[in-house]
Peer 1: 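Let me begin by handing over the structure; questions about it come next.
A quick note: this is a predicted structure, and the numbers were derived from the prediction, not measured.
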Amino acid sequence: MKVWSDCARGARRAAQLGALAFAIIALGTVAPGSLVAAPVPAPLEVAGKVTIIRDRWGMAHLYAAREADGFYGLGYATAQDRLEQVLFFYLAARGELAAKFGPGPVGADKVGPALAGRIPDAVGFDRLVRQYRYLESARANLARLPIQYRRDLEAYVSGFNRYMVDHPERRPAWAPVLEPALPLAVVSVLLHEDAQVCPAKIAAAAAAAPKGGPVGAQGSNGWVVGPSRTADGGVILGSDSHGDWNTLGTLFYAWRMKAGDIDFQAFEPPGTARFFFGHSPSFAWGWTEGSRYPGDCYRIRTEPGDPTAYQVDGQQRRMVQIPYSIEVRGSAPATGVFDYVRQNGVLSPVVTRVGADAFAVSSVGLEDVGLDQGELYNMARAKTFTELKQALSAMQLYPANLIVGGHDGTLLYIRGGRIPLRPAGLNLDLPLDGNTRRTEWTGLTSFDQSAHLVNPAQQYIVNDNTSPDMMYPEPVLKASDYPQSAAFDPGQITSRQVRNMELLAHARGLTDQDAIRIAMDEKVPGFEHWAAVFETIQREGLWPHPDASQAAFLTGLRGFDGVIARDSTPALYFSAFFDALQKAHGEALHDLVLAVTSGRPLTAAQEGWVAEAALAAHDSLMSAFGRIDLTYGDVHRLAVGRQSWPVGGGSFHIGGDRLSLAQDGGWEHDSEVLAPMRAMAFRPDPADPRRVDWYCCQRAPFVVAFHPGRPLGSYSQLLPGVSMDPTSPHFDDQLRLASEGVMRSDDFQLSDLLNDAESSLVLEVR
């Protein structure tokens, strides 16, 4: 994880969006229609045409009689909003960055500011993409996708191309040739998860200290509650992806489609035409990151004098060698040869060599690129749990934590990816012996073998980047029932999980607005203990003679209740205090914080550190602003475009290994951050170093509520906005929602959309 500074609580004050005033403390949705000047006609649903209706937040709603026509419109709309970003993704997937931009970094002199600086070495990036053969795999897998979805991808690319024909002035000179396989390859290229498999395991083996571990980032919230916990007996799901908002541009793109058999609200990596997050009228799903073993690193001892020859159980084998030539603008081509071994039936690239040992990564995903999109497509069309389970049984998905809620009452959790089964007794945290078949995979994890839950008695499921055994106060899924490849980490839990379990375990009569409040919840569990620490320090005279300003600061500091609220002065004081404490005693901070949050007494030295940090925090605010009558939102801002907004939510970095619960209920270890449900991260504002700007982590929260007998509720934020054009009003307009701690309605019902529409365009498909 990145080192995060603390971030703040969503706003709880009166604000106005359009003509709608929000009551103080009310967390809700923006009513449709308040900004629309004239009505928009109902969409034409005629074969060969697609209607693109933009709501007042700029999101495209695609309506068509035929499915492929809808995807044609989606390609066109995506190009309107994300042309340069998607073309850059496609160019990267083709391994042609160096051909267009030359060697070295891809800077602002070559692409727009959102894309610049993210690729430090174009030739090196192209080499990796080609070595892992993502596009080749995607091309081969097109024929394995559902026939209609193949046609949809062809139409999507055609619609994207159509926009560039209609608007040649916007087409960059470096635009690549498009093909239907490119949307399938983008996610593999962006994640490049296979490259994570070997390095840590090789290092662990060299250090004789196995710490290789599974791969997988740690971010995102996901939860669902069942009928016994909601106000009307329905199901409500919440999902919230965490990460840097600018990952070669805004990482997610939102759209709504009703075309043929597709009726879906999606949040996807732009340019992928996939049903990654989102919902149909029948099912909704979201993801959270989790540990996993999607592949293995193999150590292969090569023959003396011949680095491409090796033996497997005494039988001679030879590596597959594939020459490459990477065109480099302004320079000679970069040429060489990629070496591969055929391991587990997968063409597995040799990623490094140490003496006579070659190390190769073998992953199912290397040859299954894009097949997950076919599974997601089938999930989007599923109308019953039987159809959903049939789709999920392909087990092709992103191998993280998938949480599903259904209109029929379904609650489902599954790690549904292509996880290999291995022979017993292997240590997956180290390189495996590639000179014997005894380390080869024995199969792939099936639906029934996976870690999963269906309709648990608790009537809620929550996984905020926690080990599956820690999804409830008492384990339901147990590590002892699964092999190492299931990647349990017994006892591992996050502060967000602790807080979310508190909220959901006691939830009764939840409404849509209650669910939005949970998604925007800004309380960090355990931080109420700090008030007792400050009282002890004052009683012991460690703040002997504070002046009036210091006394006011200390009084406010003692009032911090763990809620990192936008309008909270104690939250700002605590944030400044924590920064001062971390700066002075970073290495010792971990033990100090865990002692406080577990209610254990501090040592005399630790009490002195706390006392000093509090006064230092006061002085830092006085030095920066000349006063202390400020709120958290005065310092913590949402500012990526033309405007700056105060915001709540945050996180506190304390170091350490991981968080687990002790037998007495305290926290024994911790992850790198303690964060509320509304995790936020900030860095200095280049225009005003006294303030900090949001750059991570809550970026695409949404809530879906299935109501028996009436239309579902669909709500979201897409931060900072739908468009990547800085001149567009929809570049950063949803930061206003984030500032207020509200969600917009996604206008899933056509009647709502027509009252909330900004524009309408009918395209003839050609």
Side-chain angles (χ1 to χ4, degrees), residues 52 58 60 72-126 129-130 134-135 138 153-187 189-190 245-253 255 268-273 326-331 333 640-641 720-732 761 763:
I52 304 173
Y72 185 91
L74 177 60
Y76 194 94
T78 303
Q80 285 179 310
D81 296 323
R82 304 289 185 91
L83 179 66
E84 186 175 81
Q85 182 188 28
V86 172
L87 290 175
F88 191 88
F89 287 174
Y90 290 168
L91 190 67
R94 294 178 66 91
E96 295 177 352
L97 293 177
K100 299 294 185 179
F101 303 125
V106 181
D109 59 326
K110 301 170 183 175
V111 293
L115 305 177
R118 298 284 172 155
I119 305 294
D121 178 8
V123 175
F125 189 94
D126 289 345
V129 168
R130 296 194 187 193
Y134 294 128
L135 185 54
L153 290 174
E154 292 169 356
Y156 177 81
V157 170
S158 295
F160 203 96
N161 273 323
R162 162 77 178 278
Y163 179 79
M164 290 190 287
V165 170
D166 288 353
H167 300 275
E169 75 285 356
R170 291 199 60 198
R171 183 183 186 275
W174 48 262
V177 175
L178 306 190
E179 58 178 294
L182 285 168
L184 302 180
V186 165
V187 170
V189 172
L190 291 178
W245 77 266
N246 186 357
T247 306
L248 290 169
T250 305
L251 184 59
F252 290 107
Y253 180 65
W255 47 268
E268 59 153 22
T272 62
I326 299 171
E327 183 181 347
V328 182
R329 182 178 181 179
S331 301
V640 299
V722 166
S723 174
M724 281 301 297
D725 179 359
T727 66
S728 167
H730 303 303
F731 173 67
D732 62 352
L761 171 68
L763 277 180

Peer 1: Could you give the distance from NE2 (H167) to CZ (R162), rounded to the nearest 0.5 Å?
Peer 2: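 H167 NE2 to R162 CZ: 9.0 Å, rounded to 0.5 Å.
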Peer 1: Where is the tightest heavy-atom contact between P269 and V187, given as atom of each residue plus distance?
Peer 2: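 In this case the closest contact between P269 and V187 is CG-CG2, 4.0 Å.
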Peer 1: For A175 and L87, work out which heavy atoms get closest and say how close.
Peer 2: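 Here A175 and L87 meet closest at CB-CD1, 3.9 Å.
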Peer 1: Between the side chain of R94 and the main-chain N/O of V177, is any donor-acceptor distance below 3.5 Å?
Peer 2: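 It does hold such a pair.
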Peer 1: Of the non-hydrogen atoms in G271 and T78, which two are nearest, and what is the gap between them?
Peer 2: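 For G271 and T78, the tightest heavy-atom pair comes out as N-CG2, 4.2 Å.
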Peer 1: Sequence neighbours left out, what passes side chain to side chain contact (heavy atoms under 4.5 Å, CB included) with A116? Give chain and number order.
Peer 2: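 A116 satisfies side chain to side chain contact (heavy atoms under 4.5 Å, CB included) with A108, V111 only.
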Peer 1: Quick one: list whatever passes side-chain hydrogen bond (donor to acceptor under 3.5 Å, both in side chains) with N246, sequence neighbours left out.
Peer 2: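 With neighbours one apart ignored, the set is empty.
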Peer 1: Rounded to the nearest 0.5 Å, how far does OG1 of T247 lie from CG of L190?
Peer 2: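 Interatomic distance, L190 CG to T247 OG1, rounded to 0.5 Å: 8.5 Å.
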Peer 1: Ignoring hydrogens and angles, write down the donor-acceptor pairs under 3.5 Å from the side chains of residues 119-126, residues two or more places apart or on other chains.
Peer 2:
unit_1, atom_1, unit_2, atom_2, d
D121, OD1, V123, N, 3.3
D121, OD1, G124, N, 3.1
D121, OD2, G124, N, 3.4
D126, OD1, E96, N, 3.4
D126, OD1, L97, N, 3.1
D126, OD2, L97, N, 3.1
D126, OD2, A98, N, 2.7

Peer 1: Just to verify, what does Y253 make a side-chain hydrogen bond (donor to acceptor under 3.5 Å, both in side chains) with, not counting sequence neighbours?
Peer 2: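 By the side-chain hydrogen bond (donor to acceptor under 3.5 Å, both in side chains) rule, Y253 matches D81.
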Peer 1: Would you please name every residue forming a side-chain hydrogen bond (donor to acceptor under 3.5 Å, both in side chains) with Q85, sequence neighbours left out?
Peer 2: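 If we apply the side-chain hydrogen bond (donor to acceptor under 3.5 Å, both in side chains) test to Q85, skipping adjacent residues, the hits are R82.
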Peer 1: Distance from L182 atom CG to Y134 atom OH, nearest 0.5 Å?
Peer 2: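 Between L182 CG and Y134 OH, I get 15.0 Å after rounding to 0.5 Å.
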Peer 1: Please answer whether the main-chain N or O of Q80 pairs with a side-chain N or O of R170 as donor and acceptor at a distance below 3.5 Å.
Peer 2: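 Looks like yes, one N/O pair under 3.5 Å.
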Peer 1: With sequence neighbours left out, what residues match D732 under salt bridge (charged side-chain N to carboxylate O under 4.0 Å, His left out)?
Peer 2: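 Testing D732 for salt bridge (charged side-chain N to carboxylate O under 4.0 Å, His left out), a comparison that skips the adjacent residues, returns R642.
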Peer 1: Return the minimal non-hydrogen interatomic distance between E179 and P183, and the atom names on each side.
Peer 2: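 The pair with the smallest heavy-atom distance is O-CD, 3.5 Å.
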Peer 1: Looking at S331 and V328, would you say the former's side chain and the latter's main chain have a donor-acceptor pair under 3.5 Å?
Peer 2: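 Checking the backbone N and O of V328 against the side chain of S331, no donor-acceptor pair under 3.5 Å is found.
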Peer 1: Output all residues satisfying side-chain hydrogen bond (donor to acceptor under 3.5 Å, both in side chains) with Y76, sequence neighbours left out; order by chain, then residue number.
Peer 2: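 Y76 satisfies side-chain hydrogen bond (donor to acceptor under 3.5 Å, both in side chains) with D166 only.
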Peer 1: Could you give me the CA-CA distance, side-chain angles and deciding distance for L763 and I52, then say whether side chain to side chain contact (heavy atoms under 4.5 Å, CB included) is met?
Peer 2: CA-CA 8 Å; L763 277 180; I52 304 173; 3.9 Å; yes
Peer 1: Please list, chain by chain and in numerical order, all residues satisfying side chain to side chain contact (heavy atoms under 4.5 Å, CB included) with P180, sequence neighbours excluded.
Peer 2: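 Counting only residues at least two positions away or on another chain, P180 forms a side chain to side chain contact (heavy atoms under 4.5 Å, CB included) with L142, L153, E154.
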Peer 1: Which residue pairs pass the side-chain hydrogen bond (donor to acceptor under 3.5 Å, both in side chains) test when at least one of the two sits in residues 98-111, sequence neighbours left out?
Peer 2: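 Non-adjacent pairs meeting side-chain hydrogen bond (donor to acceptor under 3.5 Å, both in side chains): zero.
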Peer 1: With sequence neighbours excluded, tell me which residues meet side chain to side chain contact (heavy atoms under 4.5 Å, CB included) with A79.
Peer 2: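 Residues passing side chain to side chain contact (heavy atoms under 4.5 Å, CB included) with A79: L83, F160, Y163.
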Peer 1: Which heavy atom of P720 sits nearest to which heavy atom of W245, and what is that distance?
Peer 2: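 Smallest heavy-atom distance, with atoms named: CD-CE3, 3.4 Å.
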Peer 1: Just wondering, do T250 and M724 contact through their side chains at under 4.5 Å, heavy atoms?
Peer 2: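 Of all side-chain heavy-atom pairs linking T250 with M724, at least one is under 4.5 Å.
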Peer 1: Taking only residues at least two apart or on different chains, which pairs with a member in residues 79-121 satisfy ring pair (Phe, Tyr, Trp, His ring centres under 6.0 Å)?
Peer 2: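 Sorted result for residues 79-121: F101-W174.
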